[in-house]
Amino acid sequence: MTNDYMFRIVFQENKYALKGLIASVLHLDPETIEDIAISNEIKPGQRITDKEYRMDILLLINNSQTINLEMQLRNQGNWKHRSLAYLCREFDNLDHGDDYDNVQPTYQVGFLGFSLFEDHPEFCARYQMRNEKDGYLYTDRFNLIVIELMHEELATKEDIACGIDKWVRLFKAKTWEDLKMVAQDNPYMTSTVESMYLSNTDRNILKVAREREDFLRSQAYKDKKLKTQEAEIKSLTSEVDRLRKLLEDNGITP
């Protein structure tokens, strides 16, 4: 489920499972979510084009709250500003002539496979606009939620009570046995596992998921190689500067 394509397909096709996930993340009673409308559905099994590179799920619940969900394992170094840009676009959800008081609550939810802030790791963080001096809330309609998959040990009592840690364990499970074990006694998670199983029996969906995995692996390799080359260039530049200074100190013009 950490495959962003599989994540999207499973929850796009199974709104019951999606309801359970949303309720957990937003601390809601699932029964209060009566309607879910996804505005950016893709056709399961269809090859991903450049236009469909974004693997987020954009949805509206009860015709009143906009939520953007995304699984992002690879750190591209731009999540902080990218997620903010996505949130701002969706927050501007008024039709022409509507009163600004009618703007709907908006959430950008990211399941990340890396620490957003290396010096401030957290399992589930919720960011809002607040007063710099005393933390007074400006509005509760503008929300960024970041869930770091590798920091489950930092889950708070509230995170555990809402089952967010259990959803993360489900996403990270590697075998069908582990999936079933995590999902037991939770109908929403059980339904998620069933949808994932069905998706894995669809050759076209599985093919695209594997292509997506190969693409991300290739990108990660290129990023790693680029960083190595940049480090080598930096080291060589430093050595050139050292030698130049050494020559100058000895009265030699390089």
Side-chain angles (χ1 to χ4, degrees), residues 1-26 28 30-74 76 79 82-95 103-113 143-147 167-168 170-171 179 183 187-216:
M1 285 296 290
T2 55
N3 180 293
D4 55 3
Y5 177 77
M6 186 63 70
F7 177 87
R8 175 168 183 171
I9 291 299
V10 166
F11 286 112
Q12 172 188 294
E13 298 300 293
N14 188 339
K15 290 185 179 179
Y16 177 77
L18 182 57
K19 178 168 74 170
L21 176 62
I22 293 170
S24 178
V25 173
L26 299 190
L28 301 174
E31 297 304 316
T32 64
I33 302 177
E34 299 177 352
D35 180 68
I36 298 177
I38 300 175
S39 62
N40 64 341
E41 291 188 356
I42 60 175
K43 185 177 180 180
Q46 189 174 56
R47 293 196 65 179
I48 301 171
T49 66
D50 291 339
K51 293 181 180 179
E52 296 169 335
Y53 182 79
R54 281 182 56 177
M55 286 291 104
D56 57 318
I57 306 173
L58 183 59
L59 57 100
L60 185 69
I61 62 171
N62 298 338
N63 201 34
S64 63
Q65 298 184 66
T66 300
I67 304 166
N68 199 46
L69 290 170
E70 186 167 359
M71 177 70 68
Q72 178 71 45
L73 287 193
R74 189 168 63 92
Q76 299 175 329
W79 182 263
R82 173 184 160 195
S83 59
L84 187 61
Y86 287 176
L87 179 63
C88 289
R89 291 172 194 168
E90 302 309 326
F91 185 73
D92 186 14
N93 53 35
L94 292 176
D95 291 327
V103 68
Q104 301 298 332
T106 307
Y107 299 83
Q108 170 66 36
V109 182
F111 292 92
L112 307 185
N143 302 273
L144 278 162
I145 298 177
V146 176
I147 300 170
W167 277 106
V168 166
L170 188 77
F171 296 156
L179 282 165
Y188 299 102
M189 293 183 185
T190 298
S191 185
T192 301
V193 174
E194 290 172 352
S195 289
M196 187 180 179
Y197 180 81
L198 290 174
S199 294
N200 273 266
T201 61
D202 186 310
R203 291 184 178 182
N204 290 328
I205 291 178
L206 196 58
K207 183 175 184 294
V208 177
R210 286 172 174 167
E211 288 176 350
R212 181 66 175 161
E213 197 74 28
D214 289 342
F215 170 78
L216 293 176

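Test Leu59, Leu69, Asn143 against Tyr107 for side-chain contact (heavy atoms from CB on, under 4.5 Å) and you get one pass: Asn143.
The shortest non-hydrogen separation linking Phe91 to Thr106 is CA-OG1, 3.5 Å. Counting all heavy atoms, side chain and backbone alike, Gly45 lies closest to Ile205 at N-CG1, 3.6 Å. The minimum heavy-atom distance linking Leu170 with Ala183 is given by the pair CD1-CB, 4.0 Å. The two atoms that bring Ile61 and Ile22 nearest to each other are CG2-CD1, 4.1 Å, heavy atoms only. In terms of heavy-atom proximity, Glu90 sits nearest to Thr66 at CB-CG2, 4.0 Å. Annotation for Lys15 and Ile36: closest pair NZ-O, 3.0 Å, computed over non-hydrogen atoms.
Here the straight-line distance linking atom CG of Leu112 with atom CD of Glu70 works out to 8.5 Å at 0.5 Å rounding. For the atom pair Leu198 CG and Glu13 CD, the distance stands at 10.5 Å (nearest 0.5 Å). Gln104 contributes atom CD, which lies 12.5 Å from atom CG of Asp92 (distance to the nearest 0.5 angstrom). Considering CG of Asn68 and CG of Leu60, their distance stands at 12.0 Å, rounded to 0.5 Å. Of the inter-residue distances, the one linking Arg210 atom CZ with Asn3 atom CG reads 10.5 Å to the nearest 0.5 angstrom. Taking CZ from Phe111 and CH2 from Trp167, the interatomic distance works out to 8.5 Å, rounded to the nearest 0.5 Å.
For the pair Gln72 (side chain) and Arg74 (backbone), a donor-acceptor distance under 3.5 Å is present. Between the side chain of Asn62 and the main chain of Glu34, a donor-acceptor pair closer than 3.5 Å is present. The backbone N or O of Met55 sits nowhere less than 3.5 Å from a side-chain atom of Asp4 that would complete a donor-acceptor pair. A donor-acceptor pair is defined here as one N or O able to donate and one able to accept, closer than 3.5 Å; such a pair exists between the side chain of Ser199 and the backbone of Ser195.
Open room surrounds OH on Tyr197; 12 or fewer heavy atoms of other groups in view lie less than 6.0 Å from it.
Using a 4.5 Å heavy-atom threshold, the side chains of Pro44 and Gln12 count as touching. Side-chain atoms of Leu18 and Ile38, non-hydrogen and from C-beta on, do get closer than 4.5 Å to each other. Side-chain contact between Glu194 and Asn14 is absent, with no heavy-atom pair separated by less than 4.5 Å.
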Check step by step if side chain to side chain contact (heavy atoms under 4.5 Å, CB included) holds for Gln108 and Asp56. CA-CA 10 Å; Gln108 170 66 36; Asp56 57 318; 5.9 Å; no
Determine, stepwise, if the pair Thr192 / Val10 fulfils side chain to side chain contact (heavy atoms under 4.5 Å, CB included). CA-CA 7 Å; Thr192 301; Val10 166; 4.0 Å; yes
Using the side chain to side chain contact (heavy atoms under 4.5 Å, CB included) rule, take Phe7 and Ile57 through it: C-alpha gap first, then chi angles, then the decisive distance, then the call. CA-CA 9 Å; Phe7 177 87; Ile57 306 173; 4.1 Å; yes
